[in-house]
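Written below as structure tokens is the structure these notes are about.
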There are 2 protein chains.
Amino acid sequence: MEYKASSETIFYQIEKAIKQYRVMAQGNLNKLEYKVTINQILLMLQIDRNPEISQVELAELLFKDVASVTRMIELLVKRNFLLREEDKKDRRKKALKTTDKGKRVLELAIPIIKKNREIAQNDITEEEKEILFKLLGKIILNTSK
Amino acid sequence: MEYKASSETIFYQIEKAIKQYRVMAQGNLNKLEYKVTINQILLMLQIDRNPEISQVELAELLFKDVASVTRMIELLVKRNFLLREEDKKDRRKKALKTTDKGKRVLELAIPIIKKNREIAQNDITEEEKEILFKLLGKIILNTSK
DNA sequence: CAAATATAATTGATATATCAATTATATTTA
DNA sequence: TAAATATAATTGATATATCAATTATATTTG
């Protein structure tokens, strides 16, 4: 069966780009005194900005399963980065809050994440970013539902 | 601390595109009578085309850890999709082969994967694909090493 | 050649991904 | 309002991701 080599497809290229980006980004984050992952930071960031957010919404924002979010939060609570309590208004939900320790690690991590993005976008013009965004948007549209 | 919303970055867009693509692709593959994942198919495909390939090379090609590859192969051997024997020339290596059952599922899966790619690339011109490829190439370059 | 170093694969530990089932609470409908 | 349905979160099972350590074999170096 004739079949285009994976490595020539845009999907392979996307996978490669995102994989390398993750490795680079995590590598830089590892220089922190706290052992945290990029995804943990992104999770805490959402909670810190919007403590009203539900775990279902967090899962959607981070492209994760709600089960994964539950377990990620569990770990972060254990390590005292987050607080989790019952939501007074809707008792199916949990009220999430970043602790002082959580806020501290966010303060340290945010500049690193910004830097990572800058590194990865080096010599890509604003116009090119827009094009890239739009083309990816087409894929998103094509693959939705 | 001022901080660009994740959802506006190209990295978020890349993550979203690849995530949706995976979900769509896996959904279509699930229509097969065999319960296999896209990654299992891509792994078997590499082995089928090049039985000389090592697990280290497989890991690189699929952007995975060698430990993951070991375990993926283990499962595929158990399910009789692959054969794994000692390599005669280099006894540190394993000789991998697709079984008839493995070849059968590949035959069925390949057209689906081709179709998935077509769906995702709908209304993206060849020129646009090239641009996308090149821009992602820049990110790959920026994040390498 | 023997010792040191490198390579291929496996294994262990822990976290995350995925899917299905379950529990608790809210909301809608008959 | 009681019953049916929907929603939020958790839990269980299994696979994969990641990092470190280990085993076996090859290759290089003194």
Side-chain angles (χ1 to χ4, degrees), chain A residues 15 18-27 29-30 34-44 47 51-79 81-96, chain B residues 15 18-27 29-30 34-44 47 51-79 81-96:
Chain A
E15 297 263 12
I18 202 67
K19 179 72 185 193
Q20 274 198 194
Y21 175 70
R22 282 180 189 152
V23 169
M24 181 275 283
Q26 187 61 52
L29 198 61
N30 287 344
Y34 300 98
K35 195 179 152 287
V36 287
T37 66
I38 297 279
N39 277 317
Q40 287 173 330
I41 294 295
L42 296 178
L43 182 75
M44 288 194 271
I47 292 167
E52 299 292 304
I53 202 167
S54 72
Q55 297 184 197
V56 170
E57 291 167 324
L58 282 169
E60 275 168 19
L61 276 171
L62 301 177
F63 308 123
K64 295 191 185 301
D65 194 276
V66 287
S68 289
V69 170
T70 291
R71 284 158 185 147
M72 286 177 73
I73 289 173
E74 214 162 87
L75 273 183
L76 292 170
V77 168
K78 260 187 205 153
R79 293 177 60 196
F81 288 112
L82 288 181
L83 273 181
R84 178 177 45 180
E85 298 171 355
E86 247 193 15
D87 187 305
K88 308 291 184 197
K89 295 173 201 156
D90 185 338
R91 289 171 55 217
R92 292 170 302 182
K93 292 190 184 174
K94 296 293 162 81
L96 301 168
Chain B
E15 297 265 11
I18 202 67
K19 178 73 183 191
Q20 274 199 196
Y21 175 69
R22 283 180 188 151
V23 169
M24 182 275 284
Q26 188 61 51
L29 197 62
N30 287 344
Y34 300 97
K35 194 180 152 289
V36 287
T37 66
I38 298 280
N39 278 317
Q40 286 172 331
I41 294 295
L42 296 178
L43 182 75
M44 288 195 270
I47 293 168
E52 300 292 304
I53 201 166
S54 72
Q55 296 182 199
V56 170
E57 291 166 324
L58 283 169
E60 276 168 17
L61 277 170
L62 301 177
F63 308 122
K64 294 188 186 303
D65 193 275
V66 288
S68 288
V69 169
T70 292
R71 283 156 184 149
M72 285 177 74
I73 288 174
E74 215 163 85
L75 272 183
L76 292 170
V77 168
K78 260 187 206 152
R79 293 177 60 194
F81 288 112
L82 288 179
L83 273 180
R84 177 176 48 178
E85 298 171 356
E86 246 192 16
D87 187 305
K88 308 291 184 194
K89 295 172 200 158
D90 186 338
R91 288 169 55 217
R92 292 170 303 183
K93 292 190 184 174
K94 297 293 163 80
L96 301 168

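All values reported here derive from a predicted model rather than from experimental measurement. Labels below follow one simple rule: chain letters A, B, ... track the order of the sequence lines, proteins then strands, and each chain is numbered from 1.
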d([atom1], [X]; [atom2], [N]) in whole Å:
{"X": "R84(B)", "N": "dT10(C)", "atom1": "CZ", "atom2": "P", "answer": "5 Å"}
{"X": "E86(B)", "N": "dA9(C)", "atom1": "CD", "atom2": "P", "answer": "12 Å"}
{"X": "L61(A)", "N": "dA8(D)", "atom1": "CG", "atom2": "P", "answer": "14 Å"}

Is it true that, when you exclude Q26(A) itself, more than 12 heavy atoms of the residues, nucleotides or ligands shown sit nearer than 6.0 Å to its CD?
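Counting neighbours around CD of Q26(A), more than 12 heavy atoms of other residues, nucleotides or ligands fall under 6.0 Å, so yes.
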Evaluate whether atom CD of E57(A) has more than 12 neighbouring non-hydrogen atoms of other residues, nucleotides or ligands under 6.0 angstrom away.
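Result for CD/E57(A): enclosed.
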For [N], does OP1 or OP2 lie under 4.0 Å from any side-chain N or O of [X]?
{"X": "K64(B)", "N": "dT18(D)", "result": "no"}
{"X": "Q55(A)", "N": "dT7(D)", "result": "no"}
{"X": "T70(A)", "N": "dA9(D)", "result": "no"}
{"X": "K93(A)", "N": "dT25(C)", "result": "no"}

Whether the side chain of R92(A) and the base of dT22(C) hold a donor-acceptor pair under 3.5 Å is what I'd like checked.
no
Is a donor-acceptor contact shorter than 3.5 angstrom present between the side chain of R91(A) and the base of dT23(C)?
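Result: no qualifying N/O pair found.
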Judged by each residue's nearest nucleotide on DNA chain D, which is more toward the 5′ side, V66(A) or M72(B)?
V66(A)
Most 5' of L75(B) and A67(B) on DNA chain D, judged by nearest nucleotide
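Going by which nucleotide is closer to the 5' end, it is L75(B).
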With heavy atoms under 4.0 Å as the rule, sort [X] into base, sugar-phosphate or nothing.
{"X": "R22(B)", "answer": "nothing"}
{"X": "Q40(B)", "answer": "sugar-phosphate"}
{"X": "K19(B)", "answer": "sugar-phosphate"}
{"X": "S54(B)", "answer": "sugar-phosphate"}

Between T70(B) (side chain only) and V66(B) (backbone N and O only), is there a donor and an acceptor less than 3.5 Å apart?
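Yes, T70(B) side chain to V66(B) backbone: donor-acceptor pair under 3.5 Å.
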Out of dT18(D), dT10(C), dA9(D), which has the shortest distance to the side chain of D65(B)?
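Between dT18(D), dT10(C), dA9(D), the one nearest the side chain of D65(B) would be dT18(D).
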Strictly by Watson-Crick or wobble contacts shorter than 3.5 Å, is anything paired with dT22(C), and which nucleotide is it?
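Partner of dT22(C): dA9(D).
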5' precedence on DNA chain C between F63(A) and V69(B) (nearest-nucleotide basis)
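Upstream on the strand: V69(B).
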